[in-house]
Amino acid sequence: MSHLHPVKVVTPQRSHQEMLKDHKQILRNYFDSFITRGLSQKTTEVQQRFLEHWFEKIRVSDAKGERQIFIWEVMNLFEGRRRIKKFLMTLSTVDEDGQPCLRATTVRAYASHLERLFVSTLLSPYITGMETISSKYGQIENPFTGVEYPVHSRDLLRSERFFVTPEQILELLVFLREVYPGLIKKNLTAARLYAIVMLITETGMRSIEVINLDALGDDRDIFYNKKVIQTRSGKGHNSSGSQTRVMPLSDRSAITLMEYERVVRPQFRDHLSEPSLFLTLKGTRLSYATLRDGFTRLIEAARKHGVNLPPRLTIHDLRASFATNYLEENPEKFWRLMELLGHISPSSTCLYIRSRGDNRVLSMKQARTPQAGRCGFTARVYNT
């Protein structure tokens with residue numbers, strides 16, 4: 001048997017222009033795969049913007065000067081892993097107030113964008129035609145191998161998520177209908193917000209789903225005769241794009257929406273041509289930022305006027321409140337709640353639910369104290 005000697009492969013020097021062209025082509029191959037996977041245009045644009053910017057902001061120097069880093073350099077067997085660890089550590093730094101600059105869920109989302117690119121590139125490591133990255137620039141690997149992700153949001157208790165009871169929701173709606181319009185001197189926007197809050201608390205819809213509802217034409221999403229409402233902007237499963245689902249309209253939400261469509265919506269500009277159910281004063285579709293800011297101002301005003309609300313309540317908390325209130329009223333219908341929320345996994349639904357039972361803060365001293373049972377006998381718990 002002949003003696004084998006290690007062979008050193010020397011990669012030819014290439015111009016920055018050629019390498020940049022190859023780098024962009026590899027990214028283009030990845031983004032093209034989004035089409036066959038059925039991802040939405042918005043998802044494609046968000047990931048493309050993030051990934052292109054990520055490579056551009058990492059600067060490296062070589063014999064020909066300074067330039068951006070290229071994908072095969074990040075997927076290097078040794079250097080890439082070091083850079084990924086540094087990137088995650090930078091995102092997880094602590095600010096002056098002792099809190100992380102970015103939440104773990106945000107860091108994990110950025111990391112997921114990158115790793116999906118690297119995994120896809122390993123599965124299809126081509127530049128153009130049959131020319132592979134390894135044949136031109138050397139061996140590549142997934143630089144996330146052996147790198148720990150930030151803790152997933154499902155591993156954390158959502159202590160920052162707040163819930164409102166049916167009584168608190170009613171109190172907020174009364175304030176919004178009877179007091180708030182006079183405070184802000186804007187009856188139209190207050191009535192619009194009233195309809196949205198009612199709809200979310202009655203159906204559990206996401207706010208992004210609510211603002212994408214249509215009221216006109218073949219795409220109309222409200223069906224009073226069938227007592228249902230549909231959304232075509234629900235979250236997809238495994239990056240499969242927007243999903244449609246149908247939810248029942250309660251009597252309260254149906255009456256509110258009918259009145260909104262009959263009296264309020266016709267007062268907005270372009271209500272006959274713009275299909276959006278919820279319009280701005282300019283006659284365009286209501287944006288999430290406008291809805292979020294309007295809800296924040298409502299909550300601040302409600303607290304000042306004595307409405308009993310939990311701290312840092314957000315509009316998304318209304319969806320979580322729907323889930324908790326629904327399950328407390330229908331404890332045997334967990335799977336139905338999953339359908340209403342548009343969830344695929346039970347663990348996703350569990351994140352929205354908190355127990356508000358009277359016994360959850362029962363102390364040991366209280367437990368040891370004899371108490372009258374429901375049947376008239378004295379219960380001895382932890383009897384000493």
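We use all heavy atoms of the structure for the numbers below, so side chains are in, but hydrogens, waters and symmetry mates are not.
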Short question: side chain of [X], backbone of [Y] - any donor-acceptor pair under 3.5 Å?
| X | Y | result |
| --- | --- | --- |
| Thr36 | Ser33 | yes |
| Gln168 | Asn308 | yes |
| Thr121 | Pro125 | no |
| Arg220 | Ile222 | yes |
| Gln25 | Asp22 | no |
| Asp317 | Leu313 | no |
| Arg319 | Gly204 | yes |
| Ser321 | Val164 | yes |

Open item on the list: Test ring pair (Phe, Tyr, Trp, His ring centres under 6.0 Å) on Tyr110 and Trp54; report intermediate values, then the result.
Closed with: CA-CA 10 Å; Tyr110 290 157; Trp54 190 84; over 10 Å; no
Can you give me the closest heavy-atom contact between [X] and [Y], atom names plus distance?
| X | Y | answer |
| --- | --- | --- |
| Leu341 | Ala323 | CD1-CB, 3.9 Å |
| Ser15 | Lys64 | CA-NZ, 3.6 Å |
| Phe144 | Ala111 | CZ-O, 3.5 Å |
| Phe118 | Asn142 | CB-OD1, 3.8 Å |
| Tyr194 | Leu173 | CE1-O, 3.4 Å |
| Ile127 | Lys136 | CD1-CD, 4.0 Å |

Under 3.5 Å side-chain donor-acceptor pair for [X] and [Y]:
| X | Y | answer |
| --- | --- | --- |
| Ser61 | Glu66 | no |
| Ser250 | Ser253 | yes |
| Glu329 | Asn325 | no |

Counting only heavy atoms from other residues, nucleotides and ligands, does the tally under 6.0 Å from [atom1] of [X] exceed 12?
| X | atom1 | result |
| --- | --- | --- |
| Gln139 | CD | no |
| Asn225 | CG | yes |
| Arg303 | CZ | yes |
| Lys282 | NZ | no |

Do the side chains of [X] and [Y] join up, straight or via other hydrophobic residues, at under 4.5 Å, putting them in one cluster?
| X | Y | value |
| --- | --- | --- |
| Leu172 | Val174 | no |
| Leu122 | Leu51 | yes |
| Val228 | Met258 | no |
| Tyr224 | Met198 | yes |
| Val246 | Phe223 | yes |

Carboxylate-amine/guanidinium proximity below 4.0 Å for [X] and [Y]:
| X | Y | result |
| --- | --- | --- |
| Arg83 | Glu73 | no |
| Glu261 | Arg265 | no |
| Glu259 | Arg262 | yes |

Residues in salt bridge (Lys or Arg N to Asp or Glu O under 4.0 Å) contact with [X], at least two apart in sequence or another chain:
| X | value |
| --- | --- |
| Arg82 | Glu79 |
| Glu274 | none |
| Glu167 | none |
| Glu339 | Arg336 |

Task: Step-by-step side-chain contact (heavy atoms from CB on, under 4.5 Å) determination, Met247 to Glu202 - done: CA-CA 10 Å; Met247 292 144 290; Glu202 289 288 309; over 6 Å; no
To the nearest 0.5 Å, what is the distance between [atom1] on [X] and [atom2] on [Y]?
| X | Y | atom1 | atom2 | value |
| --- | --- | --- | --- | --- |
| Glu56 | Gln68 | CD | CD | 5.5 Å |
| Ile133 | Tyr137 | CD1 | OH | 9.5 Å |
| Arg116 | Leu114 | CZ | CG | 9.5 Å |

- [ ] Any chance you could lay out the salt bridge (Lys or Arg N to Asp or Glu O under 4.0 Å) test for Glu52 and Lys24, step after step, and finish with the verdict?
- [x] CA-CA 9 Å; Glu52 289 178 347; Lys24 290 183 176 181; over 6 Å; no
Task: side-chain contact (heavy atoms from CB on, under 4.5 Å) evaluation trace for Phe334 with Leu327 - done: CA-CA 7 Å; Phe334 179 84; Leu327 200 60; 4.1 Å; yes
- [ ] Determine which pairs satisfy ring pair (Phe, Tyr, Trp, His ring centres under 6.0 Å) with at least one residue from residues 15-44, sequence neighbours left out, and list them in order.
- [x] His23-Phe55, His23-Phe70, Tyr30-Phe34, Phe31-Phe34
TODO: Can you run down the ring pair (Phe, Tyr, Trp, His ring centres under 6.0 Å) pairs that involve residues 264-297, sequence neighbours left out, and say none if there aren't any?
DONE: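 Those involving residues 264-297 are Tyr260-Phe278.
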Task: Inter- and intrachain pairs under salt bridge (Lys or Arg N to Asp or Glu O under 4.0 Å), touching residues 171-189, at least two apart - done: none
Open item on the list: Going by salt bridge (Lys or Arg N to Asp or Glu O under 4.0 Å), name the pairs with one or both residues in residues 283-302, residues two or more places apart or in two chains.
Closed with: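 Every salt bridge (Lys or Arg N to Asp or Glu O under 4.0 Å) pair that includes a residue of residues 283-302, provided the two are not neighbours, is Asp214-Arg285.
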Open item on the list: Please list all pairs meeting side-chain hydrogen bond (donor to acceptor under 3.5 Å, both in side chains) that have one or both residues in residues 123-132, counting only residues at least two apart or in different chains.
Closed with: Thr132-Ser135
Task: Which residues share a ring pair (Phe, Tyr, Trp, His ring centres under 6.0 Å) with His305, sequence neighbours left out - done: Phe175
- [ ] Carefully, step by step, assess Ser134 and Ile140 under the rule side-chain contact (heavy atoms from CB on, under 4.5 Å).
- [x] CA-CA 6 Å; Ser134 298; Ile140 57 175; 4.1 Å; yes
Open item on the list: One pair to check against side-chain contact (heavy atoms from CB on, under 4.5 Å): Arg192 and Leu286. What are the steps and the verdict?
Closed with: CA-CA 10 Å; Arg192 180 186 65 196; Leu286 181 67; 3.8 Å; yes
Does any part of the side chain of [Y], heavy atoms only, come nearer than 4.5 Å to the side chain of [X], both counted from C-beta?
| X | Y | result |
| --- | --- | --- |
| Ile299 | Thr296 | no |
| Leu291 | Leu193 | yes |
| Arg232 | Gln230 | yes |

Open item on the list: Which Ile, Leu, Val, Met, Phe, Trp or Tyr residues join Leu123 in one cluster when any pair of side-chain heavy atoms under 4.5 Å counts as a link?
Closed with: Val119
TODO: Linking directly or through intermediates, with side-chain heavy atoms under 4.5 Å: list the remaining ILVMFWY members grouped with Ile35, chain and number order.
DONE: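 None; Ile35 is a cluster of one.
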